[in-house]
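Notes follow the structure.
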Number of protein chains: 2
Amino acid sequence: MDAHVRRLESLVALLKEKGCRVTPQRLAILRVLTQSRGHPSAEQVHARLARQYPTMSLATVYKTIALLKQAGEILELQFSDLGNRYDGRRPHPHPHVICTRCGSIVDADAPLLDDAAERVSRETGYAIAAHRLDFFGLCPACLKKDAARKAS
Amino acid sequence: MDAHVRRLESLVALLKEKGCRVTPQRLAILRVLTQSRGHPSAEQVHARLARQYPTMSLATVYKTIALLKQAGEILELQFSDLGNRYDGRRPHPHPHVICTRCGSIVDADAPLLDDAAERVSRETGYAIAAHRLDFFGLCPACLKKDAARKAS
DNA sequence: GTCATTGCAAAGCATTTGCAAGTCG
DNA sequence: CGACTTGCAAATGCTTTGCAATGAC
């Protein structure tokens, strides 16, 4: 069984435990969130469901995301320029790489930041609970377009 | 001469070089941005200038910030829930620690992320130009309030 | 049958933009 | 003086909320 199917089922189980109803809309939204590697926005999740669920409301997408956020089962990457992006596959902090031209977001392997969190905690007196590490630059596709433009 | 005064003057010089006018409003905004350790929002910058410049417009604050952003002379920390915060003192990437209760933001010392950027670049094919490292948790003041509440 | 959830529309916020009036150089 | 800047107000874009109708259990 694929990992994302298992994850989907664990999220459905979680909703049931909490006494939440598992509606077709929620199920569809969870499916998109657990399967998307691309860190979609709420808008993009909604768009992907538009054909199959023509009456699906963007508000419902936001409400379902809020539910998952509360449960700590989704990672929210806040950007004021790109809009918020969501990672429903790996809810725990891990580094991301963001293209400053096209907005694409990919995962990176985790540099060892857990001991850094402890160091920062000692240094500042904050009780560190989470972190966020983003790298910004041009993605391979945008780099290629740049090279092509320069060559012409 | 204090470091922030030197920084203020270098920003003024930069504006002149670019052919921008150094208006009293811009000067005041630069002064707040180069002196604030607290990573203020545009709103907060505006509020701090309200007494001295009663007609100061929030739009002018935003426009001045945009100018500095273009010049790479201000660090913008995007948060969709707190609103964007600005660091005009140290425009180059460095780690921040954010209180998830009261929103206070302080600087942390930089764990060595420059070689990490190179590693991520090799790993993903992105040309990394910048990064952002945030730690989230409760600040000492909020922790103290929690302890007091628990004790009562 | 109940009560949570949906979908629409309206409201909310932070930020940006258009433009007439003002002012720096 | 002329071009750039200001300040107001309107517009924008993302997200949240109110509420009547719907549907899961």
At what distance, to the nearest 0.5 angstrom, does CD1 of B/Ile29 lie from OG1 of B/Thr23? 7.0 Å

Rounded to whole angstroms, how far apart are CG on A/Leu77 and P on D/dC14? 17 Å

Walk me through whether A/Asp107 and A/His96 qualify under side chain to side chain donor-acceptor pair (under 3.5 Å). CA-CA 5 Å; A/Asp107 290 338; A/His96 290 93; 3.2 Å; yes

Picking from C/dT15, C/dG7, D/dT15, the nucleotide nearest the side-chain atoms of A/Ser57 would be C/dG7

Considering only side-chain heavy atoms of A/Tyr62, which listed nucleotide, C/dA14, D/dG7, D/dT15, is closest? D/dT15

Toward the 5' end of DNA chain C, which comes first, B/Ala59 or A/Thr64, by nearest nucleotide? A/Thr64

Has A/Arg132 got its NZ or CZ under 6.0 Å from the middle of the six-membered ring of A/Phe79, at an angle within 45 degrees of the ring axis? yes

What is the distance from atom SG of B/Cys139 to atom NZ of B/Lys145, rounded to the nearest 0.5 Å? 6.5 Å

How long is the gap from CZ on B/Arg101 to CG on B/Leu138, to the nearest 0.5 Å? 5.0 Å

Whole-Å distance separating the CG atom of A/Leu82 from the P atom of D/dT15: 11 Å

Earlier contact from the 5' end, DNA chain D, for B/Pro54 and B/Ser80: B/Pro54

Rounded to whole Å, the NZ-C1' distance (B/Lys63 to D/dA9) equals 11 Å

Counting only N and O atoms by type, is there a donor-acceptor contact under 3.5 Å from the side chain of B/His92 to the main-chain atoms of B/Arg90? no

Using five pairs at each end of the helix from C/dG1-D/dC25 to C/dG25-D/dC1 to define an axis, what is the angle between those two axes, to 10°? 30°

May I have the distance from B/Gln78 (atom CD) to C/dT15 (atom P), rounded to whole angstrom? 9 Å

In Å and rounded to the nearest 0.5 Å, what is the OH to OG1 distance from B/Tyr62 to B/Thr64? 12.5 Å

Distance in Å, B/Glu76 CD paired with B/Tyr86 OH, rounded so as to fall on 0.5 Å steps: 4.0 Å

Which residues in residues 14-46 of chain B have at least one heavy atom lying under 4.0 Å from any atom of DNA chain D? B/Cys20, B/Arg21, B/Thr23, B/Gln25, B/Arg26

Send over the distance from B/Leu58 CG to C/dT16 P, rounded to a whole Å. 10 Å

4.5 Å side-chain heavy-atom contact, B/Ser36 and B/Arg48: yes

Verify the contact: side-chain N or O of B/Asn84 to OP1 or OP2 of C/dA14, cut-off strictly under 4.0 Å; return yes or no. no

Whole-Å distance separating the CG atom of A/Leu67 from the C1' atom of C/dA4: 11 Å

